[in-house]
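As C-alpha cells, the structure follows; a few thoughts come after it.
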Protein chains: 2
Amino acid sequence: MLKFKNKNHNKIIDKTSFTPVYYQLVKILEKEILNGMMPGDALPTEHEISVHFGISRMTVRRAIAQLVQAGMVYAEKGRGTFVAKPQLDNLIFELDGFYAETQQKDMNPNSKLLEVRIVKADENIFKKSSIPIGTRCLYFRVVRKVGSEPLIYETKHIVYSKKKPLLEAELLNSTWSNLVANNGNPPVRSQKTLQVKLLNDHEAKALQVSPITPAFSVEQVFYDIDNNPLGWGISLYRGDRYKITSHAGWAGENYSKGVDFENEQ
Amino acid sequence: MLKFKNKNHNKIIDKTSFTPVYYQLVKILEKEILNGMMPGDALPTEHEISVHFGISRMTVRRAIAQLVQAGMVYAEKGRGTFVAKPQLDNLIFELDGFYAETQQKDMNPNSKLLEVRIVKADENIFKKSSIPIGTRCLYFRVVRKVGSEPLIYETKHIVYSKKKPLLEAELLNSTWSNLVANNGNPPVRSQKTLQVKLLNDHEAKALQVSPITPAFSVEQVFYDIDNNPLGWGISLYRGDRYKITSHAGWAGENYSKGVDFENEQ
DNA sequence: CAGTGGTCTAGACCACTAT
DNA sequence: TAGTGGTCTAGACCACTGA
C-alpha cells in the first residue's frame with residue numbers, strides 16, 4: 001500500500017472512465033494534500049505512484065506538472081516532490097469583470113457618446129502614449145451607465161485610418177481592442193496602468209458625483225507587432241461603486257474572484 | 001521543407017544542446033508566429049513538425065502545450081492548432097511589488113509601530129473578517145516609510161495565541177502571512193479586496209498628506225485549511241505615490257510589469 | 001552508490017472533424 | 001474515410017542529490 005505520510009491510501013483510478021487518468025490522479029493528490037499534508041512534506045516518488053496505481057510514469061508526471069502549475073507542490077531534481085507553502089503575500093487582481101459585470105445581469109447597461117472628433121496628436125498625447133505628434137486620431141468620450149446611474153467615464157484616442165469609418169454603435173459597444181484593430185493592423189500587446197485619482201469637476205459632473213469622489217483610473221496603450229502605438233485610453237471607474245476581489249492559495253470549493261460594483265460601505 | 005504558411009522554415013534543433021529540445025521548439029514556434037502569422041492561421045500539424053525536426057510527437061506536444069498555456073495558440077480536436085488572438089481586454093494586475101519595491105533599492109525603508117494591544121473581536125471585526133465575536137486578537141497599526149516619507153498605513157488583527165509571543169521587530173518585518181502563521185495553524189488561502197478610498201483625518205495625518213488624498217485600500221483575510229479566519233488587515237497605499245503597471249499580449253523583449261511608487265503626475 | 005526528477009522516444013488507441 | 005489533436009504506455013538516458 002502506498003503511504004501518503006499519515007495514512008494508507010485507498011483511492012483507485014478507473015482506466016475505463018471518460019475522465020483522463022492524469023486528471024483523476026490530480027484530484028486524488030489534491031485531496032491527499034488538503035487532508036493531512038503540510039508544506040514541506042514529501043509526496044511519494046513518481047515511481048511509487050506509477051506502480052501503486054498501475055499507470056505510466058509519464059502520466060504521473062503530467063498530473064504532478066499540473067499541481068506544480070497550480071503552486072501546490074514543487075519538485076527538486078534528485079530529491080523529490082514536496083508540498084509548497086501557499087503564496088499568499090502576492091496580490092493578483094483580475095479586472096476582467098470591470099467591463100463584463102456591468103454588461104450582464106439584465107441591469108439595463110447603456111452608454112452615452114459625449115463627443116467624437118478627429119484630432120491631431122499633441123505633445124501631451126505623445127508623452128502618454130508615444131503616438132507621434134501630428135498623427136490623426138479619432139478622439140471620443142463615453143459615459144457608461146447601469147440604468148440611470150453613470151459608473152464609468154472613458155476618454156479614448158485611436159490612431160485614425162480612413163479604411164473603415166466607425167459607427168457610433170461600434171464606439172459604444174465594441175471592445176477597446178476591437179476598435180483599435182479597425183485599421184487592419186491588429187494590436188498584439190497592451191500596457192496598462194492602474195491608479196487612484198480624484199475626479200476633476202468635469203469628470204465628476206459626467207458621473208454625477210461630488211468632485212472629491214475617488215476613482216480607479218485604468219490607462220491603456222495598445223501596440224501592434226512592430227511596437228507602434230495604435231490607441232490610448234483612460235477609463236475612470238467610480239471608486240464608491242467598484243471594488244475588486246481576488247483569491248489566492250489552495251482554493252476550496254467556494255472559490256470566487258471578480259469585480260463587484262453593487263457593494264455596501 | 002516544412003511550410004509555415006508564408007515561407008520555408010530553415011531553423012534547426014540541436015539535440016546535443018543543453019537547452020531541452022522542447023524549449024528550442026517553443027522559441028522557434030514563437031518566432032515563427034511573431035514573424036508573419038496572423039490570428040486564425042493554422043500551425044503545421046504535430047506530425048509534420050515532428051517529422052521535420054526529427055523529434056518525437058510527444059516532444060512537439062510539450063512545446064505546443066507551452067504556447068497554449070501562454071495564450072499564443074489554441075488547439076481544436078480533429079481540426080488543428082491555430083494562432084490565437086491576443087487577449088488584451090482583460091486586465092490583470094500583480095501587486096507583488098506593493099511591498100517588495102519599497103524594501104529594495106537602498107532607499108532606507110523603515111517602519112514605525114504606532115500601537116499594539118490585545119483586543120476582543122467585536123461586531124465590526126466579525127462582519128469584515130468573520131472572526132468570531134469575542135475572539136482575542138493581536139491588534140496593531142504600522143506606518144511604513146521610505147526615508148522620511150510615509151507611504152503605507154496598515155491596520156491588522158491576528159487571531160491571538162499564547163504559543164509564541166511576537167516581538168516588535170517581527171510585527172514590522174515579517175510578511176503578513178508569516179505573522180498569521182505564528183500560532184502553528186498555517187494559512188492556506190486568503191481573500192483580498194482592492195478599493196479606492198479617501199483617507200480620513202487620522203490616516204492622512206499618519207501619512208502626512210492632506211485628508212482628501214485618495215488611496216488604494218487592500219483588505220486581506222487569511223484562512224486556515226478548515227476555513228477558520230486567522231487574520232484580517234487593511235493596508236492603505238498613498239494614491240499620489242503608487243501606480244500599478246501591467247502588460248498583456250505577445251510580449252516582446254521589453255516585457256515589464258510591476259509597481260512604481262516614484263512616479264510623475 | 002542508489003534513488004530522484006527531467007527529458008525524450010516510438011509506438012498505440014481514442015474521439016473528433018472534415019470530406 | 002483520412003487526418004487531427006488527446007491520452008497513455010514502457011521503456012531509455014541524463015544530471016542531480018544524498019548517504
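By convention in this document, chain letters (A, B, ...) are assigned in the order of the sequence lines, proteins followed by strands, and residues within each chain are numbered from 1.
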*Does the side chain of B/Leu194 reach to within under 4.5 Å of the side chain of A/Leu194, using non-hydrogen atoms?*
yes

*Using a cut-off of less than 4.0 Å, is there contact between a side-chain N or O of A/Arg57 and OP1 or OP2 of D/dT9?*
no

*May I ask you to verify if any side-chain N or O of B/Ser56 is less than 4.0 angstrom from the OP1 or OP2 atom of C/dA10?*
no

*Below 4.0 angstrom from OP1 or OP2 of D/dT7, is there any side-chain N or O of A/Tyr22?*
yes

*asked:* Could you tell me if A/Glu30 and A/Trp250 have a donor-acceptor pair between their side chains, going purely by distance under 3.5 Å?
replied: no

*Send over the distance from A/Gln24 CD to D/dC8 C1', rounded to a whole Å.*
13 Å

*asked:* Taking only side-chain N and O atoms of A/Thr45, does any of them lie within less than 4.0 angstrom of OP1 or OP2 on C/dT4?
replied: yes

*How many Å lie between CZ on B/Arg61 and C1' on C/dT7, as a whole number?*
17 Å

_Distance, rounded to the nearest Å, where B/Phe53 contributes CZ and C/dT9 contributes P_ = 13 Å

*Spacing between A/Met58 atom CE and C/dT4 atom P, to the nearest angstrom*: 18 Å

*To the nearest Å, give me how far apart CD (A/Gln66) and C1' (D/dT7) are.*
13 Å

_Do A/Gln220 and A/Trp176 make a side-chain contact, defined as non-hydrogen atoms from C-beta onward lying under 4.5 Å apart?_
yes

*asked:* Given 3.5 Å as the limit, does a donor-acceptor pair link the side chain of B/Ser50 with the main chain of B/His47, or not?
replied: yes

*Calculate the interatomic distance between B/Phe82 atom CZ and D/dT4 atom C1'; express it in whole Å.*
9 Å

_Using a 6.0 Å cut-off, check whether atom OH of A/Tyr23 has over 12 heavy atoms from anything other than its own residue._
no

_Short side-chain N/O contact to C/dC14 OP1/OP2 from B/Lys77, under 4.0 Å_ = no

_Without decimals, in angstroms, what is the distance between A/Glu76 CD and D/dA15 C1'?_
14 Å

*Pick the nucleotide of DNA chain C nearest each of A/Phe18 and A/Ala75; which residue has the one closer to the 5' end?*
A/Ala75

*Contact class for B/Arg62 (heavy atom, under 4.0 Å): base, sugar-phosphate, or nothing?*
sugar-phosphate

_Between D/dG11 (C1') and A/His47 (NE2): distance, integer Å_ = 12 Å

*Taking for each residue the nucleotide of DNA chain D with the nearest heavy atom, is it A/Pro20 or B/Glu46 whose nucleotide lies nearer the 5' end?*
B/Glu46

*Would you classify A/Ile55 as touching base, sugar-phosphate or nothing, given that sugar-phosphate means primed atoms plus P, OP1 and OP2, and contacts are heavy atoms under 4.0 Å?*
sugar-phosphate

*asked:* With a 4.0 Å limit, can you tell me whether A/Arg79 has a side-chain N or O closer than that to the phosphate oxygens OP1/OP2 of D/dG18?
replied: yes

